A.B. asks: 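If you scroll down you'll find the structure; I have some questions about it.
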Amino acid sequence: MNIAEEKLSLFHEIDDLSEESLIELRKIIFKLKAKQKMKEKSSNENDISDLGGFFKNNTIVLTDEELCKPVDFTEESA
């Protein structure tokens with residue numbers, strides 16, 4: 001059975017449910033969506049590419065010396 005047939009079959013089953021069962025089904029679906037969202041969030045936990053686009057689009061490569069160099073806050077940047 002493909003996904004479209006599966007959805008249609010599920011729709012027919014839902015159509016026959018009582019109001020109480022529909023309410024319970026909505027709660028179950030809500031819990032499943034929340035669980036899926038948490039799973040997706042945890043799998044992307046170390047992804048920093050969406051932080052303002054800087055990390056994703058940055059083409060500047062710094063050396064270890066440049067990264068560890070103390071910052072001079074009195075110096076104006078160009």
Side-chain angles (χ1 to χ4, degrees):
M1 188 180 294
N2 66 31
I3 191 69
E5 293 170 331
E6 190 69 39
K7 286 180 179 181
L8 183 59
S9 174
L10 188 57
F11 176 76
H12 288 298
E13 290 179 42
I14 291 170
D15 199 35
D16 293 333
L17 293 176
S18 67
E19 185 177 347
E20 295 83 19
S21 294
L22 286 173
I23 292 168
E24 288 300 312
L25 182 59
R26 179 175 292 267
K27 291 176 185 177
I28 292 168
I29 290 171
F30 179 78
K31 287 178 184 178
L32 287 171
K33 283 185 171 184
K35 187 176 181 180
Q36 180 180 0
K37 193 172 187 177
M38 290 299 291
K39 195 175 197 180
E40 289 171 359
K41 185 178 179 182
S42 68
S43 69
N44 294 330
E45 199 170 277
N46 296 325
D47 182 13
I48 59 172
S49 63
D50 65 340
L51 296 177
F54 174 80
F55 294 103
K56 183 176 182 181
N57 300 321
N58 185 24
T59 58
I60 300 170
V61 178
L62 299 175
T63 65
D64 290 340
E65 286 180 13
E66 290 171 314
L67 288 171
C68 296
K69 181 180 171 185
V71 176
D72 182 2
F73 290 105
T74 61
E75 182 181 311
E76 289 187 29
S77 61

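Being a predicted model, the structure only gives us computed values, none of them experimental. Numbers for residues simply follow the sequence, beginning at 1.
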A.B. asks: Report the hydrophobic cluster partners of Ile14, with the cluster defined as I, L, V, M, F, W, Y residues connected by side-chain heavy atoms closer than 4.5 angstrom, directly or transitively.
C.D. replies: Leu10, Leu17, Leu22, Leu25, Ile29
A.B. asks: Share the residues that join Ile28 in a hydrophobic cluster, the rule being Ile, Leu, Val, Met, Phe, Trp or Tyr side chains under 4.5 Å apart at the heavy-atom level.
C.D. replies: Leu32
A.B. asks: Mind checking what makes side chain to side chain donor-acceptor pair (under 3.5 Å) contact with Ser21, not counting sequence neighbours?
C.D. replies: Ser18
A.B. asks: Please list, chain by chain and in numerical order, all residues satisfying side chain to side chain donor-acceptor pair (under 3.5 Å) with Glu5, sequence neighbours excluded.
C.D. replies: none
A.B. asks: List for me each residue that meets side chain to side chain donor-acceptor pair (under 3.5 Å) alongside Glu6, sequence neighbours excluded, and say none if there are none.
C.D. replies: none
A.B. asks: In this structure, are over 12 heavy atoms from other groups packed under 6.0 Å from Glu66 atom CD?
C.D. replies: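 Check passes, neighbour count above 12.
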A.B. asks: Please list all pairs meeting salt bridge (charged side-chain N to carboxylate O under 4.0 Å, His left out) that have one or both residues in residues 11-26, counting only residues at least two apart or in different chains.
C.D. replies: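 Counting only pairs at least two positions apart or across chains, the salt bridge (charged side-chain N to carboxylate O under 4.0 Å, His left out) contacts touching residues 11-26 are Glu24-Lys27.
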